[in-house]
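The structure presented is a predicted model; accordingly, all values stated were derived computationally and were not measured.
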Amino acid sequence: MSAVTTTEATVTVAPAKDTPQVRRRRRLSPGRRLPAARLAGPVLLLALWAAASAAGQLDPAAIPAPWTVVKTGAHLWTDGTLPTDILTSLQRAATGFVIGLVAGVVLALASGLSRTGEALIDGTVSLNRAIPTLGLIPLFILWLGIGETFKVAIIAIVVYIPIYLNTHAALSGIDHRFVELAEVQGLSRFAFVRQIVVPGALPGFFVGLRLGVTGSWLGLVVLEQINATSGLGYMMFQAQNYGQSDVILVGLVVYGVFGLVSDSAVRLVERRVLSWRRTLSS
């Protein structure tokens, strides 16, 4: 009788040296957009302001508490002072902004699409940009008087310069291969502008538009304190004479809200119009 002994061997297979190792891709993008992310900073600032006021770290005569500013704003709104001043300021800012917007776009197109236009316009705009706009106020008062006209003119100048510069830079940065392609395809001048120039210049235009919107409010703050009888700046100037820091803060808060809302509106339109462009912001 023979006994059969079976030996079980365990074989270990080592991984081949040539097998590629899969590396996890590092994400470099900022990530998903947070809802209402732009409000986080202002809300944090407001919370710090309220906490410092409640702790007595701020002088109420210099920086009143947020609830004091809200109470003052409600009183000014009830007696009709704030609505009238807001409406006047909005009319001035809107009129100057529209004039500056049209002027900036027209001049940028004339300068960006024509060498003759560039020779006549670009240097003049650069000279205008080098001169402080607020330094033109005394001269414009002599030319246009102390009424609404000079205020609107100054706001228009503040608005058109960034719109022109950014739109002109975007036009100059259009790839020349697209121009050659349009020539090969036999596009007309109008079709070339509509299909090549406008899409290529839109990103720069929106950058200038955002700067122009902000500039209109910055110019308005100064202009409404010069020979004005109404407006938010006039209200703040009168409050300065009487030491009413709460009224001044009401005006600053209103200016800030208008600036934030208008800038957010431009950003929203920009995302909709340039939805085809994939960037870090999207």
Side chain proximity check, [X] to [Y], heavy atoms < 4.5 angstrom:
{"X": "Trp49", "Y": "Val69", "answer": "yes"}
{"X": "Ser245", "Y": "Ile63", "answer": "no"}
{"X": "Pro203", "Y": "Leu274", "answer": "yes"}
{"X": "Leu142", "Y": "Phe150", "answer": "no"}
{"X": "Phe205", "Y": "Val273", "answer": "no"}
{"X": "Tyr164", "Y": "Ile121", "answer": "yes"}
{"X": "Asn166", "Y": "Phe206", "answer": "no"}
{"X": "Gln185", "Y": "Leu181", "answer": "yes"}

Any link between [X] and [Y] through a network of hydrophobic side chains (Ile, Leu, Val, Met, Phe, Trp, Tyr) touching at under 4.5 Å?
{"X": "Ile157", "Y": "Leu139", "value": "yes"}
{"X": "Leu220", "Y": "Ile226", "value": "yes"}
{"X": "Leu218", "Y": "Leu223", "value": "no"}
{"X": "Val102", "Y": "Val152", "value": "no"}
{"X": "Phe97", "Y": "Val221", "value": "yes"}

Indicate the atoms forming the closest heavy-atom contact of [X] with [Y], along with that distance.
{"X": "Ala239", "Y": "Ile248", "value": "CB-CG1, 3.8 Å"}
{"X": "Gly208", "Y": "Ile163", "value": "O-CG1, 3.4 Å"}
{"X": "Gly233", "Y": "Gln225", "value": "O-CG, 3.4 Å"}
{"X": "Tyr160", "Y": "Ala103", "value": "CB-CB, 4.3 Å"}
{"X": "Gly231", "Y": "Asp85", "value": "N-OD1, 3.1 Å"}
{"X": "Val159", "Y": "Gly212", "value": "CG2-O, 3.5 Å"}

Would you indicate whether [X], at its atom [atom1], is surrounded by more than 12 heavy atoms from other residues, nucleotides or ligands within a distance under 6.0 Å?
{"X": "Phe192", "atom1": "CZ", "value": "yes"}
{"X": "Phe140", "atom1": "CZ", "value": "yes"}
{"X": "Trp77", "atom1": "CH2", "value": "no"}

- prompt: Would you say the ring centroid of Phe258 lies under 6.0 angstrom from that of Trp217?
  reply: yes
From [X] [atom1] over to [Y] [atom2], what is the distance, rounded to the nearest 0.5 angstrom?
{"X": "Leu76", "Y": "Thr84", "atom1": "CG", "atom2": "OG1", "answer": "11.0 Å"}
{"X": "Leu48", "Y": "Leu44", "atom1": "CG", "atom2": "CG", "answer": "4.5 Å"}
{"X": "Ile141", "Y": "Ile137", "atom1": "CD1", "atom2": "CD1", "answer": "6.5 Å"}
{"X": "Thr124", "Y": "Leu107", "atom1": "OG1", "atom2": "CG", "answer": "9.5 Å"}
{"X": "Asp263", "Y": "Arg267", "atom1": "CG", "atom2": "CZ", "answer": "6.0 Å"}
{"X": "Gln244", "Y": "Gln238", "atom1": "CD", "atom2": "CD", "answer": "9.5 Å"}

Side-chain donor/acceptor of [X] to backbone N/O of [Y], under 3.5 Å:
{"X": "Ser262", "Y": "Gly259", "answer": "yes"}
{"X": "Ser216", "Y": "Val213", "answer": "yes"}
{"X": "Thr68", "Y": "Pro64", "answer": "no"}

side-chain contact (heavy atoms from CB on, under 4.5 Å) assessment of Leu232 paired with Leu82: CA-CA 8 Å; Leu232 292 172; Leu82 193 57; 3.9 Å; yes
task: Take Tyr242 and Val247, measure what side-chain contact (heavy atoms from CB on, under 4.5 Å) needs, and give me the verdict at the end.
output: CA-CA 10 Å; Tyr242 294 101; Val247 177; over 6 Å; no
message: Taking the basic N atoms (NZ, or NE/NH1/NH2) and the acidic carboxylate oxygens, is any pair closer than 4.0 Å for Glu224 and Lys151?
response: no
With sequence neighbours excluded, residues passing salt bridge (Lys or Arg N to Asp or Glu O under 4.0 Å) with Arg115: Glu118
field: Candidate pair Ser264 and Arg210, rule side-chain contact (heavy atoms from CB on, under 4.5 Å), full reasoning
entry: CA-CA 9 Å; Ser264 299; Arg210 291 181 59 191; over 6 Å; no
- request: Could you please spell out the steps behind the side-chain contact (heavy atoms from CB on, under 4.5 Å) verdict for Val222 and Ile154?
  value: CA-CA 10 Å; Val222 178; Ile154 293 295; over 6 Å; no
